> 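The structure under discussion is supplied below as structure tokens; questions concerning it will follow.
Because the structure is predicted, anything quoted here is derived from the model rather than measured.
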Amino acid sequence: MQYKVKIQRYNPTTNEKYYQTYDVDLDETLTILEVIEYIKNHIDSTLTYRAFCKSAICGSCAMVVNGLSKLTCKLNAVQNLIDGVLEIAPLKQFDVIKDLVVNQDKGFEILKKAQTFMIPKTPPKDSEFEISPKEVETYDKQSECILCMSCYSDCPAVQSDENYFGPFTFSKILRFVNDSRDSIPNQRIDNVMNGNIFSCVECQACIIACPKGLAPQFDIKNLQTKVLVQGHTNPNQMEFGNFGGGFDDFGSFGGFNPNGF
């Protein structure tokens with residue numbers, strides 16, 4: 001099948017960013033990553049991209065496809081054509097190293113800052129930690145995150161708030177908060193305030209972006225609830241009690257009580 005592949009290029013030597021279009025005639029069964037590989041091997045050897053496992057496990061081939069972040073090894077190219085064109089660009093929110101390769105150090109530094117790793121309690125003497133299947137269910141799904149950072153790329157809160165940890169980090173935090181072997185669950189909950197967790201706009205773009213079917217936005221809501229229970233407040237919550245002197249003077253509403261609902 002014949003179609004066009006429009007790829008965003010970046011030359012770090014000249015600091016030039018531009019789109020280059022390739023005409024291809026390929027089998028309809030190829031994935032987007034396989035199409036990129038074909039272009040690299042048969043049309044333009046200068047094209048640079050990142051990929052490894054080709055099995056939707058390593059997360060390294062995440063790119064922006066037709067405006068949305070996707071795992072390119074998982075998607076059929078022909079099924080993602082728009083008017084006969086497949087448009088591919090590097091992940092958003094990251095500095096581009098070359099062509100489709102981005103520097104993801106920012107994302108990994110956030111993970112370190114948020115301490116998204118186990119800090120275990122002292123294990124029972126002459127025994128092991130006992131974990132029930134029911135407990136595992138509370139963090140099993142979050143453990144499937146492959147750190148492709150597609151959710152981070154498409155998150156509008158990341159774009160507007162440079163201190164926002166991002167969806168995948170909050171999912172990782174919840175994973176350890178729910179693990180009974182961890183020694184600092186309360187500290188983790190306190191720490192999410194440093195990541196401006198209430199900057200989430202609840203657009204669910206992270207859910208759409210996740211190639212593993214995770215729901216980071218629901219994890220964020222779960223953490224927000226834990227944050228409030230622990231005594232923190234939502235800094236974005238409006239204080240209606242001081243709005244225009246409050247709603248105590250119902251006469252100004254012609255007898256209508258706006259709190260009556």
> With a 4.5 Å limit on heavy-atom distance, are the side chains of Ile220 and Ile197 in contact?
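With C-beta onward as the side chain, the pair touches.
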
> Between Phe165 and Leu228, is there a shared hydrophobic cluster once you connect ILVMFWY residues whose side-chain heavy atoms come closer than 4.5 Å?
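Same cluster: Phe165 reaches Leu228 through Ile, Leu, Val, Met, Phe, Trp or Tyr contacts under 4.5 Å.
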
> How long is the straight-line distance from CG of Asn186 back to NZ of Lys226, given to the nearest 0.5 Å?
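Nearest 0.5 Å value for the NZ-CG distance: 10.0 Å.
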
> Should Leu71 and Met149 be counted in the same cluster of Ile, Leu, Val, Met, Phe, Trp and Tyr side chains packed under 4.5 Å apart?
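No; Met149 is not reachable from Leu71 via cluster members.
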
> Side chains of Asp190 and Gln230 only: does a donor on one sit below 3.5 Å from an acceptor on the other?
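Short answer, yes.
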
> What closest approach, in Å, do Met193 and Thr233 show between heavy atoms, and which atom pair accounts for it?
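Nearest heavy atoms, Met193 then Thr233: CE-O, 3.6 Å.
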
> If you count heavy atoms of other groups shown closer than 6.0 angstrom to CD of Gln159, is the number above 12?
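12 or below, so no.
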
> Check whether Leu174 and Phe198 end up in the same hydrophobic cluster, where Ile, Leu, Val, Met, Phe, Trp and Tyr are linked by side-chain heavy atoms less than 4.5 Å apart.
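Leu174 and Phe198: one cluster.
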
> Of the options Asn222, Val192, Asn234, which is the one that meets Val227 in a side-chain contact (heavy atoms from CB on, under 4.5 Å)?
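Going through the options one by one, the only one that passes is Val192.
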
> Tell me if the NZ atom of Lys98 is crowded by more than 12 foreign heavy atoms within 6.0 Å.
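Correct, the count exceeds 12.
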
> Taking the side chain as C-beta and beyond, is there a heavy-atom pair between Ile7 and Asp99 under 4.5 Å?
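No - every pair of side-chain heavy atoms lies 4.5 Å or more apart.
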
> Which heavy atom of Lys40 sits nearest a heavy atom of Ser45, and at what distance?
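Reported closest heavy-atom pair: NZ-O, 2.8 Å.
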
> Between Thr225 (side chain) and Lys221 (backbone), is there a donor-acceptor pair under 3.5 Å?
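Confirmed, Thr225 side chain pairs with Lys221 backbone.
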
> Start with the C-alpha gap between Asp182 and Val177, add the side-chain angles, then the distance that decides, and say whether side-chain contact (heavy atoms from CB on, under 4.5 Å) holds.
CA-CA 7 Å; Asp182 188 68; Val177 165; over 6 Å; no

> Rounded to the nearest 0.5 Å, how far apart are CD of Gln93 and SG of Cys151?
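It is 10.5 Å, given to the nearest 0.5 Å.
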
> Looking only at non-hydrogen atoms, find the nearest pair between Ile184 and Ile119 and report the distance.
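That would be CD1-CD1, 3.4 Å.
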
> Can you measure from CG (Asn80) to CG (Leu75) and round to the nearest 0.5 angstrom?
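The CG atom of Leu75 is 5.0 Å from CG of Asn80, to the nearest 0.5 Å.
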
> Please tell me if the side chains of Cys155 and Tyr164 come closer than 4.5 Å, counting only heavy atoms from C-beta onward.
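The answer is yes, as the side chains (C-beta and beyond) meet within the 4.5 Å cut-off.
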
> Is it true that Phe176 and Leu111 fall in one hydrophobic cluster, defined by side-chain heavy atoms closer than 4.5 Å?
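Hydrophobic grouping puts Phe176 apart from Leu111.
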
> The test is side-chain contact (heavy atoms from CB on, under 4.5 Å); show your working for Leu47 and Arg9 and say whether it passes.
CA-CA 8 Å; Leu47 179 63; Arg9 307 292 303 274; 3.7 Å; yes

> Thinking salt bridges, do Glu137 and Lys134 make one under a 4.0 Å N-O criterion?
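Answer for the salt bridge query: no.
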
> Say whether, by atom type as modelled, one donor and one acceptor occur between the side chain of Lys54 and the main chain of Cys61 under 3.5 angstrom.
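Flag not set: sc Lys54 to bb Cys61 has no pair under 3.5 Å.
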
> Roughly how far apart are Thr169 OG1 and Asp219 CG, rounded to 0.5 Å?
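CG of Asp219 is found 12.0 Å from OG1 of Thr169.
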
> Should we say atom CD of Glu128 is surrounded by more than 12 heavy atoms from elsewhere, each under 6.0 Å from it?
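Counting neighbours around CD of Glu128, 12 or fewer heavy atoms of other residues, nucleotides or ligands fall under 6.0 Å, so no.
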
> Could you grab the distance from atom CG of Leu81 to atom CG of Asn66, nearest 0.5 Å is fine?
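Nearest 0.5 Å value for the CG-CG distance: 8.0 Å.
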
> Please find the pair of heavy atoms, one from Ala62 and one from Ser150, that lie closest to each other, and give the distance.
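Looking at all heavy atoms of both residues, the closest pair is CB-OG, 3.6 Å.
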
> If a pair satisfies ring-ring contact (aromatic ring centres under 6.0 Å, His included) and one of its residues is in residues 94-151, list it, with sequence neighbours excluded.
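Sorted pair list: Phe94-Tyr152.
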
> Could you report the tightest heavy-atom contact between Phe168 and Gly107, atom names first, then the distance?
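Between these two residues, the closest heavy atoms are CZ-O, 3.8 Å.
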
> Do any N or O atoms from the side chain of Ser60 and from the backbone of Phe52 form a donor-acceptor pair under 3.5 angstrom?
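Between the backbone of Phe52 and the side chain of Ser60 there is a qualifying donor-acceptor contact (under 3.5 Å).
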
> Please answer whether the main-chain N or O of Gly195 pairs with a side-chain N or O of Asn163 as donor and acceptor at a distance below 3.5 Å.
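Here the side-chain-to-backbone pair does not exist.
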
> Taking Lys212 for its side chain and Lys141 for its backbone only, find out whether a donor-acceptor pair lies under 3.5 Å.
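It does not hold such a pair.
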
> Can you tell me how far apart OG1 (Thr72) and CE (Met63) are? Round to the nearest 0.5 Å.
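Atom-to-atom, Thr72:OG1 and Met63:CE are 4.0 Å apart.
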
> Donor-acceptor pair, distance only, cut-off 3.5 Å: does the side chain of Arg50 make one with the backbone of Val102?
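Pair found, side chain donor or acceptor close to backbone of Val102.
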
> With no hydrogens and no angle check, is any side-chain donor or acceptor of Glu34 less than 3.5 Å from a backbone partner on Thr31?
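Flag set: sc Glu34 to bb Thr31 pair under 3.5 Å.
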
> Using only atom types and a distance under 3.5 Å, with no angle test, would you say the side chain of Asn76 pairs donor to acceptor with the backbone of Gln79?
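Such a contact is found between Asn76 side chain and Gln79 backbone.
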
> Quick one: are Pro216 and Ser171 in side-chain contact, heavy atoms under 4.5 Å?
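The answer is yes, as the side chains (C-beta and beyond) meet within the 4.5 Å cut-off.
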
> Looking at side-chain heavy atoms only, is the closest gap between Val24 and Tyr3 below 4.5 Å?
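Contact flag for Val24/Tyr3 side chains = yes.
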
> Hydrophobic cluster membership, with links at side-chain heavy-atom distances under 4.5 Å among I/L/V/M/F/W/Y: are Phe218 and Phe170 in one?
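No, it is not one cluster - the side chains of Phe218 and Phe170 are not joined through contacts under 4.5 Å.
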
> Tell me the closest heavy-atom pair linking Val64 and Leu91, and the distance in Å.
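Here Val64 and Leu91 meet closest at CG2-CA, 3.8 Å.
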
> Is there side-chain contact between Gln8 and Pro90, with at least one heavy-atom pair below 4.5 Å?
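The answer is yes, as the side chains (C-beta and beyond) meet within the 4.5 Å cut-off.
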
> Without swapping roles, check the side chain of Thr48 against the backbone of Thr46 for a donor-acceptor pair under 3.5 Å.
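It does hold such a pair.
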
> side-chain contact (heavy atoms from CB on, under 4.5 Å) for Cys145 and Arg175? Distances and angles first, verdict last.
CA-CA 10 Å; Cys145 172; Arg175 179 257 177 273; over 6 Å; no

> Is there a side-chain contact between Tyr49 and Ile88 in this structure, where contact means two heavy atoms from C-beta onward sitting under 4.5 Å apart?
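No. Closest side-chain heavy atoms not under 4.5 Å.
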
> Do Asp179 and Arg188 sit within salt-bridge range, that is, some charged N less than 4.0 Å from a carboxylate O?
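Salt bridge flag = no for Arg188 with Asp179.
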
> So that I can tick it off, tell me whether Glu109 and Lys106 are bridged by a salt bridge, with the cut-off set at under 4.0 angstrom between side-chain N and carboxylate O.
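Judged by the 4.0 Å cut-off on N to carboxylate O distance, Lys106 and Glu109 do not form a salt bridge.
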
> Using distance alone, with no hydrogens and no angle criterion, decide if Asn15 and Tyr10 have a side-chain donor and acceptor under 3.5 Å apart.
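Yes.
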
> Donor-acceptor pair, Asp154 side chain versus Ser69 backbone, under 3.5 Å?
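Answer holds: yes.
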
> Side-chain heavy atoms under 4.5 Å apart, restricted to Ile/Leu/Val/Met/Phe/Trp/Tyr: what other residues fall into the cluster of Val101, or is it alone?
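Direct or chained contacts put Val101 with Ile97.
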
> Applying ring pair (Phe, Tyr, Trp, His ring centres under 6.0 Å), can you list everything that pairs with Tyr38, at least two apart in sequence or on another chain?
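Per chain and number, Tyr38 pairs via ring pair (Phe, Tyr, Trp, His ring centres under 6.0 Å) with His42.
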
> Does a side chain donor of either Asn194 or Asn191 reach within less than 3.5 Å of an acceptor in the other side chain?
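A donor-acceptor contact under 3.5 Å links the two side chains.
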
> Between Leu147 and Gln104, is there a side-chain heavy-atom distance shorter than 4.5 Å?
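No - every pair of side-chain heavy atoms lies 4.5 Å or more apart.
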
